[in-house]
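Residue numbers start from 1 in every chain, and the chains themselves are labelled A, B, ... in the order their sequence lines are given, proteins ahead of strands.
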There are 2 protein chains.
Amino acid sequence: MRRVTIKDIAKEANVSYATVSRALSGSPEISEKTRAHVLEVSKRMGYTKNYIAHAMVKKRTGLIGLIVASVKNPFMSELAFHIEQHAMLKGYNLMLCNSSHDTERERQVFEVLISRQVDGIIIVPTSAETHRHLAPYLETTPTVFVGENLRDAAVSYVAIDNYRGTRIGMEYLYGLGHRDILYFGRRKGSVTHQLRANGYIDACEEAGIEPMICHSSYTSSSIQNGYQLAKTLLAKPIDYTAVFAATDSMALGFMKATSELKIRIPKDLSLMGFDNIQYAELPRIDLTTIEQPQQAIAATAVDTLLERINNPQAGYAHHVLSPKLIERGTCKQLSDTE
Amino acid sequence: MRRVTIKDIAKEANVSYATVSRALSGSPEISEKTRAHVLEVSKRMGYTKNYIAHAMVKKRTGLIGLIVASVKNPFMSELAFHIEQHAMLKGYNLMLCNSSHDTERERQVFEVLISRQVDGIIIVPTSAETHRHLAPYLETTPTVFVGENLRDAAVSYVAIDNYRGTRIGMEYLYGLGHRDILYFGRRKGSVTHQLRANGYIDACEEAGIEPMICHSSYTSSSIQNGYQLAKTLLAKPIDYTAVFAATDSMALGFMKATSELKIRIPKDLSLMGFDNIQYAELPRIDLTTIEQPQQAIAATAVDTLLERINNPQAGYAHHVLSPKLIERGTCKQLSDTE
DNA sequence: GCATACAATGCAAACGTTTGCGTTATCTTG
DNA sequence: CAAGATAACGCAAACGTTTGCATTGTATGC
């Protein structure tokens with residue numbers, strides 16, 4: 001049950017297999033007549049090109065690797081979708097790996113992808129240290145980081161302006177009359193979170209209001225972690241009228257806790273998220289949040305990767321996209337007669 | 001900036017490259033001394049095996065292709081995650097493709113994956129016709145179908161017992177006192193939906209209650225489609241106390257419509273889903289539903305695929321897993337004094 | 001009509017591995 | 001110590017493509 005190769009076609013069509021190769025790859029230095037003949041024969045015999053052999057000689061696989069913490073995560077899955085679509089458009093296919101928030105695992109799959117000769121790698125790092133662990137590989141393997149704002153590292157990345165994101169959100173909350181706004185779930189070890197928190201703090205300062213920050217000691221943002229953190233937070237007196245969560249996941253965890261405690265959102269408390277994951281627009285959730293333009297992120301990520309592949313000696317590219325407020329139902333105007 | 005190959009190591013270590021290959025692949029016919037030496041040199045030179053060349057001679061890539069309609073879909077992304085994890089465990093990597101619910105696209109990516117010499121393919125078909133379109137490839141490429149119950153087709157598949165799923169759900173609703181239960185979003189062109197509807201109908205018959213079915217003319221189940229369908233349905237008088245949605249997505253669409261119409265769930269109407277996608281357990285959603293055991297499905301899918309790869313002449317395997325009721329907050333006991 | 005140019009095709013090497021087989025060296029056995 | 005067995009390693013082919021170069025055939029220019 002051997003698959004039909006170029007040699008089989010050559011024999012059948014009475015030409016050398018170089019000719020077959022040229023006919024199939026659309027080389028100009030071949031007569032139209034023989035090309036037509038070869039195409040006919042190869043179609044008849046059901047030939048499909050062997051990309052492995054092709055990659056062998058061309059030293060190009062047409063593959064790009066994608067490393068995420070977990071495609072289960074709605075943010076990552078959406079990104080993965082758009083990356084695959086855009087890559088497909090450009091003639092590339094996708095190899096998907098999950099690192100499960102594990103730095104060692106991250107390194108392992110990176111090595112595997114290199115072994116598999118992918119032309120480049122797109123990675124959503126699990127920590128701000130990731131690019132350090134990967135440093136030895138980064139000079140030989142075109143790589144672009146997604147999500148983290150790695151200004152000072154010698155890497156290409158695409159991310160949003162996280163600082164501006166929280167500023168935009170704060171402006172909105174301020175406009176609704178809120179003055180006591182708690183920032184929920186600030187986390188160490190991520191530049192993204194650093195920047196978001198900074199945006200919050202600066203906004204407070206400019207407005208002359210007191211920042212209140214609820215720190216998260218978890219290493220990742222998830223609904224579960226948000227829920228746990230919210231439970232301890234809400235056990236204490238509530239001296240704020242709005243909550244700005246560091247991520248949508250944390251916001252949902254917070255929401256879960258408030259549901260249990262019969263705290264009504266937005267009636268008793270306004271809630272704002274960040275990321276605009278798919279969950280946010282679900283009925284009953286209807287979370288007001290700051291959007292990361294996933295499709296644009298995905299497209300720029302593969303474009304800068306391809307750029308890097310085709311032009312390795314060029315400098316590192318930094319793309320910072322704009323976040324956007326998505327107004328839904330979890331934030332309400334603070335009544336003057338409080 | 002050439003990558004270091006086996007030949008480079010051979011030269012450096014003063015052995016033939018056959019010896020290097022044997023040392024690296026753990027062949028027994030080599031002395032411990034030279035193996036240690038070769039390993040040391042290859043480590044020092046930063047060698048990484050070229051899987052493409054390896055695949056070339058072994059005629060095995062260690063790759064499995066996964067085709068889904070869209071990883072954006074929470075059901076698919078969860079599946080993709082577990083498939084990747086399980087495949088990784090068995091030494092395989094994953095190539096991910098989205099078909100976007102398009103049969104022609106489905107065929108295209110199937111061909112691409114074959115070209116890329118994947119050892120096998122796992123596909124979540126978009127329609128009950130998919131395996132017909134793919135028929136020419138199926139005899140030469142190990143494939144397993146996931147989700148659809150393709151009893152009569154010459155394919156391997158893993159799915160859940162969808163018929164039993166609705167039966168279980170109906171039993172539960174009946175136990176809560178419901179007698180007027182509407183089945184929401186029955187769809188043509190999918191065996192899965194056929195079976196679920198049958199389970200509903202048979203349950204009605206046995207209980208001596210009248211089946212009520214709201215048909216969907218959409219070609220896929222989504223929140224949006226569920227929402228549209230629910231709006232026209234809810235414009236008519238409501239002569240039922242519970243709604244059994246064909247899928248969680250449809251249930252969420254229904255929920256969105258009820259939110260707008262101030263119909264309270266579960267107070268005014270009980271709602272049951274099917275699939276237990278991640279959304280279902282979110283706060284405020286809290287959807288009672290029938291679970292598809294995703295991790296088990298993923299594991300059996302890759303196991304039967306590997307089985308098929310290593311033993312192509314064996315018969316087709318049909319794995320039918322058991323669904324399970326997940327009790328949450330959208331169904332309530334029907335008060336006797338209605 | 002002959003030299004020249006160019007178009008069309010064939011030959012064979014190369015990509016980086018694995019592996020059957022042949023060769024050498026070492027060991028065992030009587 | 002000779003002969004046979006076995007362990008360790010090298011040689012070279014093979015996997016299915018692409019492509020530089022050589023070769024052949026045909027058209028062009030004078």
Side-chain angles (χ1 to χ4, degrees), chain A residues 1-39 41-42 45-63 91 111-112 114-119 140, chain B residues 1-39 41-42 45-63 91 111-112 114-119 140:
Chain A
M1 197 70 99
R2 229 181 82 270
R3 242 166 225 168
V4 26
T5 81
I6 252 185
K7 296 196 182 183
D8 299 326
I9 298 176
K11 202 174 295 172
E12 178 77 12
N14 263 326
V15 292
S16 76
Y17 52 91
T19 303
V20 177
S21 171
R22 283 190 258 257
L24 292 172
S25 61
S27 159
E29 49 179 43
I30 201 176
S31 77
E32 271 315 314
K33 204 181 67 178
T34 59
R35 152 165 304 138
H37 179 216
V38 167
L39 256 47
V41 171
S42 73
M45 298 182 72
Y47 171 78
T48 53
K49 165 193 273 203
N50 184 327
Y51 259 96
I52 296 293
H54 180 266
M56 187 87 204
V57 17
K58 297 282 266 186
K59 291 166 164 305
R60 284 262 184 134
T61 52
L63 285 176
E111 263 191 1
V112 169
I114 290 176
S115 247
R116 293 211 176 266
Q117 312 295 114
V118 296
D119 293 340
T140 60
Chain B
M1 198 68 101
R2 229 181 82 272
R3 243 166 224 168
V4 23
T5 80
I6 253 185
K7 295 196 183 183
D8 300 326
I9 299 176
K11 202 174 293 172
E12 178 78 10
N14 261 327
V15 292
S16 77
Y17 54 91
T19 304
V20 177
S21 170
R22 283 190 260 256
L24 293 171
S25 61
S27 158
E29 49 181 46
I30 201 177
S31 76
E32 272 313 314
K33 207 180 64 178
T34 59
R35 153 166 302 139
H37 180 217
V38 168
L39 255 47
V41 172
S42 75
M45 300 182 70
Y47 170 77
T48 53
K49 165 193 274 204
N50 184 327
Y51 259 96
I52 297 293
H54 181 266
M56 187 85 205
V57 17
K58 298 282 268 186
K59 292 166 165 301
R60 282 263 185 135
T61 52
L63 286 175
E111 264 190 1
V112 169
I114 289 175
S115 247
R116 293 212 176 265
Q117 313 294 116
V118 297
D119 293 340
T140 61

Checking B/Thr19 side chain against B/Val15 main chain: does a donor-acceptor pair fall under 3.5 Å?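 No; judged by distance alone, with no hydrogens or angles, the pair does not exist.
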Atom pair distance, as rounded to whole Å: [atom1] in [X] and [atom2] in [N]:
X       : N      : atom1 : atom2 : value
A/Lys11 : D/dG16 : NZ    : P     : 12 Å
A/Arg35 : C/dA7  : CZ    : P     : 14 Å
B/Asn50 : C/dG16 : CG    : P     : 7 Å
A/Met56 : C/dC15 : CE    : P     : 8 Å
A/Glu29 : C/dA5  : CD    : P     : 19 Å
B/Ile6  : C/dG16 : CD1   : C1'   : 7 Å
A/Ile30 : D/dT19 : CD1   : C1'   : 13 Å
A/Leu24 : D/dT17 : CG    : P     : 9 Å

Looking at the side chain of A/Tyr47, which of D/dT17, C/dT17, C/dT9 is the nearest nucleotide?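 The answer is D/dT17.
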Do A/His54 and A/Thr61 have side-chain heavy atoms sitting under 4.5 Å apart?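 No. Closest side-chain heavy atoms not under 4.5 Å.
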Taking the side chain as every heavy atom from C-beta outward, state whether B/Arg22 and B/Val38 have any pair of such atoms under 4.5 Å apart.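 Of all side-chain heavy-atom pairs linking B/Val38 with B/Arg22, none is under 4.5 Å.
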Is the phosphate of [N], meaning OP1 or OP2, less than 4.0 Å from a side-chain N or O of [X]?
X       : N      : result
A/Lys59 : D/dT18 : no
A/Tyr51 : D/dT18 : no
A/Lys58 : D/dT19 : yes
B/Thr34 : D/dC9  : yes
B/Lys49 : C/dT18 : yes
B/Ser31 : D/dA7  : no

Please name the pair of heavy atoms, one in [X] and one in [Y], separated by the smallest distance, quoted to 0.1 Å.
X       : Y       : answer
B/Val41 : B/Ala13 : CG2-CB, 4.0 Å
B/Met45 : B/Val4  : O-CG1, 3.3 Å
A/Thr5  : A/Tyr47 : C-CE1, 3.8 Å

Where along residues 12-21 of chain A does a heavy atom come under 4.0 Å from DNA chain D, residue by residue in number order?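 Here the set is A/Tyr17, A/Ala18, A/Ser21.
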Answer with yes or no whether A/Arg22 presents, from its side chain, a donor or acceptor under 3.5 Å of a partner atom in the base of C/dG10.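 It does, because a donor-acceptor pair links the side chain of A/Arg22 to the base of C/dG10 below 3.5 Å.
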Just checking A/Ser27: base, sugar-phosphate only, or nothing, at a heavy-atom cut-off of under 4.0 Å?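 Counting heavy atoms under 4.0 Å across all strands, no contact is made by A/Ser27.
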Establish, for the pair B/Lys49 and B/Tyr51, whether the NZ or CZ atom is under 6.0 angstrom from the six-membered ring centre and no further than 45 degrees off its axis.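 The answer is yes; both the distance and angle limits are met.
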